[in-house]
Novice: 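Provided herewith is a single structure, encoded as structure tokens, for subsequent inquiry.
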2 protein chains.
Amino acid sequence: MAKTKMTKRKIQALNTRQKIFDTALQLFNKKGYDRVTVDDVCKKAGISKGTFYNYFKSKDQIIIEEFLKIDHYYQEMLPEINSKESYLERMKTFARLSLKYISEQGAPTVRIAYYSQLSPSIKTSPIVSPKRPLYQMAERLAREAQENGELRGDIPSEEIANTVIRAMRGIIYEWCLHNGKFDLEEAGEELVQILVHGLLP
Amino acid sequence: MAKTKMTKRKIQALNTRQKIFDTALQLFNKKGYDRVTVDDVCKKAGISKGTFYNYFKSKDQIIIEEFLKIDHYYQEMLPEINSKESYLERMKTFARLSLKYISEQGAPTVRIAYYSQLSPSIKTSPIVSPKRPLYQMAERLAREAQENGELRGDIPSEEIANTVIRAMRGIIYEWCLHNGKFDLEEAGEELVQILVHGLLP
DNA sequence: GATAATATTATACTATAGTCACTGACTAGA
DNA sequence: TCTAGTCAGTGACTATAGTATAATATTATC
């Protein structure tokens with residue numbers, strides 16, 4: 001951080017950006033995303049519309065940015081994950097903590113995040129970038145579990161990670177459709193249970 | 001069908017509706033959903049905007065309606081599904097045929113369908129209605145498989161159906177994000193494989 | 001067949017996300 | 001310290017989904 005010299009301009013820019021971000025989230029939380037116009041945000045933040053779009057490509061970028069903070073959170077998960085003896089347990093903990101975090105963000109926020117990723121104006125979605133800590137971590141956990149003989153070795157670890165993440169995403173998508181009416185963590189627990197043990201008698 | 005008397009008006013209305021529907025889909029396919037305005041559709045179909053909104057709540061209703069035609073398709077699947085001896089095979093066939101149908105609809109269409117379901121203006125999404133043939137059928141197949149000892153019996157069949165559908169939805173969601181760049185049926189095959197047999201060695 | 005009721009259509013309008021050309025303050029190099 | 005160039009900031013403008021209202025065509029009733 002702070003690699004380049006901090007000129008007045010840059011400080012001002014960061015402040016303005018932050019003010020827009022905070023104001024927007026505050027309004028979204030109070031009135032709901034779709035009941036808040038960009039003009040509302042600008043007025044409250046005391047800036048012009050042009051400035052808003054100077055810092056954010058679109059209204060939903062605010063939500064995306066908030067949503068993707070989960071990627072920092074993965075670091076904090078590590079101690080709890082590594083505290084588990086079994087690698088299978090580690091994977092389960094990873095899934096549980098991820099869903100817990102998403103659950104805490106609240107269905108409205110996550111819904112907008114998932115919604116905007118499908119928007120016609122978006123060409124490639126950041127949430128499926130393989131560079132995300134989410135993928136890195138899931139793959140590593142799967143690989144370690146395989147190396148220790150706790151998971152079958154005939155499927156590449158990347159594919160296992162992919163499959164688990166996709167399945168979790170299906171739950172999240174549906175959780176959004178139901179506006180958070182069911183327990184996300186519980187549903188996740190069950191899914192992972194089935195993924196691991198299968199449905200055979 | 002055709003329960004009420006077909007007055008001139010009603011015939012006219014149906015024709016108009018169909019013309020709007022066909023024209024819209026044709027334009028969407030040619031230029032892409034977001035490159036086509038409602039006014040374009042109206043102009044091409046030779047009707048006014050008011051007429052469009054008389055028949056369709058919103059622009060994306062066209063896509064939803066097209067997408068939900070899959071619910072009719074489940075009937076046609078039955079022979080192929082029932083031709084399988086094993087109930088597990090039937091479930092797999094069901095999943096495969098569903099994904100095949102969706103794959104054939106094309107990523108752009110499905111993307112809009114999934115997108116619009118998350119729109120802030122929608123309160124309850126039709127695609128997660130438990131009344132849908134999709135759910136009915138998945139539950140029945142799971143139940144029959146259980147009754148014949150081909151699936152574990154400690155999970156209610158509804159839950160199994162739910163889990164499988166959610167997981168499939170996760171794949172579809174991601175397929176949309178990737179604009180159909182991977183093979184949906186193949187990914188589905190693999191997922192069902194894992195769901196059924198699990199990830200244990 | 002005149003007329004009231006209603007279904008259908010046309011158009012002007014509203015709301016709001018996002019764009020663009022411009023301004024003037026700030027920075028950096030001489 | 002002067003000056004060229006950059007960048008934060010502005011607000012009028014555009015595009016387009018959706019609405020409200022007025023007009024017209026069709027049917028039902030007498």
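Numbers restart at 1 for each chain; the letters A, B, ... are given by sequence-line order, proteins then strands. Values reported hereafter were calculated over all heavy atoms of this structure, with side chains retained and with hydrogens, waters and symmetry mates removed.
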Novice: When you get a sec, tell me which of C:dA25, D:dG9, C:dT8 is the closest nucleotide to the side chain of A:Arg9?
Specialist: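 Of C:dA25, D:dG9, C:dT8, C:dA25 is nearest to the side chain of A:Arg9.
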Novice: Do B:Arg166's NZ or CZ and the ring of A:Phe182 fall within the cation-pi criteria of under 6.0 Å and 45°?
Specialist: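 Yes, B:Arg166 lies over the aromatic ring of A:Phe182.
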Novice: Figure out the CZ/C1' separation between A:Arg35 and C:dA17, and round it to whole Å.
Specialist: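 My rounded result for the distance is 18 Å.
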Novice: Please tell me which of the listed nucleotides, D:dA17, C:dA17, C:dA28, lies nearest to the side chain of A:Lys59?
Specialist: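 For the A:Lys59 side chain, the nearest candidate turns out to be C:dA17.
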Novice: Between C:dT9, C:dT27, D:dG18, spot the one nearest the side chain of B:Tyr53, thanks.
Specialist: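 Closest nucleotide among those given: D:dG18.
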Novice: With a non-hydrogen cut-off below 4.0 angstrom, is B:Tyr55 in contact with a base, only sugar-phosphate, or nothing?
Specialist: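 B:Tyr55: backbone/sugar contact only, no base atoms under 4.0 Å.
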Novice: Look at all strands and tell whether A:Thr51 reaches a base, only sugar-phosphate, or nothing, counting heavy atoms closer than 4.0 Å.
Specialist: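 It contacts base atoms.
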Novice: Taking only side-chain nitrogens and oxygens of A:Gln12, does any of them come within less than 4.0 Å of OP1 or OP2 of D:dG9?
Specialist: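 For A:Gln12, the contact criterion (side-chain N or O under 4.0 Å from OP1 or OP2 of D:dG9) is met.
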Novice: Answer yes if the side chains of B:Thr37 and B:Asp39 hold a donor-acceptor pair under 3.5 Å, and no otherwise.
Specialist: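 Checked: B:Thr37/B:Asp39 side chains show no N/O donor-acceptor pair below 3.5 Å.
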Novice: Check this one for me: any side-chain N or O of A:Ser48 less than 4.0 Å away from OP1 or OP2 of D:dG9?
Specialist: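 Looking at the OP1 and OP2 atoms of D:dG9, neither is under 4.0 Å from any side-chain N or O of A:Ser48.
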Novice: Does the side chain of A:Thr51 pick up a donor-acceptor pair with the side chain of A:Asn54 at under 3.5 Å?
Specialist: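 Not at all, the side chains of A:Thr51 and A:Asn54 share no donor-acceptor pair under 3.5 Å.
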Novice: Quick one: B:Asn15 CG to C:dT8 C1', roughly how many Å, whole number?
Specialist: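 Going from B:Asn15 (CG) to C:dT8 (C1'), I get 14 Å.
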Novice: What is the distance from CZ of B:Phe56 to P of D:dA17, rounded to the nearest Å?
Specialist: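 It is 15 Å, rounded to the nearest whole Å.
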Novice: How about B:Tyr173 and B:Tyr114: are their ring centres within less than 6.0 Å of each other?
Specialist: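 So the answer is no for these two rings.
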Novice: Would you mind reading off the distance between A:Lys43 atom NZ and D:dG11 atom C1', rounded to a whole angstrom?
Specialist: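 Atom-to-atom, A:Lys43 to D:dG11, this comes out as 15 Å.
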Novice: Ring centroids only, cut at 6.0 angstrom: are A:Phe21 and A:Tyr55 within range, meaning strictly under it?
Specialist: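 Between A:Tyr55 and A:Phe21, which both carry aromatic rings, the centre distance is not below 6.0 Å.
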Novice: Over how many whole Å does the gap from A:Asp60 atom CG to C:dT16 atom P extend?
Specialist: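 Roughly 17 Å, once rounded to whole Å.
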Novice: With nearest nucleotides of DNA chain C determined for A:Thr37 and A:Gly50 from heavy-atom distances, which residue corresponds to the more 5′ nucleotide?
Specialist: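 Between the two, 5'-proximity favours A:Thr37.
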Novice: Between A:Thr16 and D:dG9, is there a side-chain N or O to OP1/OP2 distance below 4.0 Å?
Specialist: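 Yes, A:Thr16 has a side-chain N/O under 4.0 Å of OP1/OP2 on D:dG9.
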Novice: What nucleic acid atoms does A:Lys49 come within less than 4.0 Å of, heavy atoms only: base, sugar-phosphate, or nothing?
Specialist: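 Here A:Lys49 touches the bases of the nucleic acid.
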Novice: Measure CG/B:Asn54 against P/D:dT19 and give the value in whole Å, please.
Specialist: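 Whole-Å distance recorded here is 12 Å.
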Novice: Write down the distance between CZ (B:Phe52) and P (C:dT11), rounded to a whole number of angstrom.
Specialist: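 To the nearest whole Å, that distance equals 18 Å.
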Novice: Provide, to the nearest angstrom, the distance between the CG atom belonging to A:Leu14 and the C1' atom belonging to D:dA8.
Specialist: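 Atom-to-atom, A:Leu14 to D:dA8, this comes out as 12 Å.
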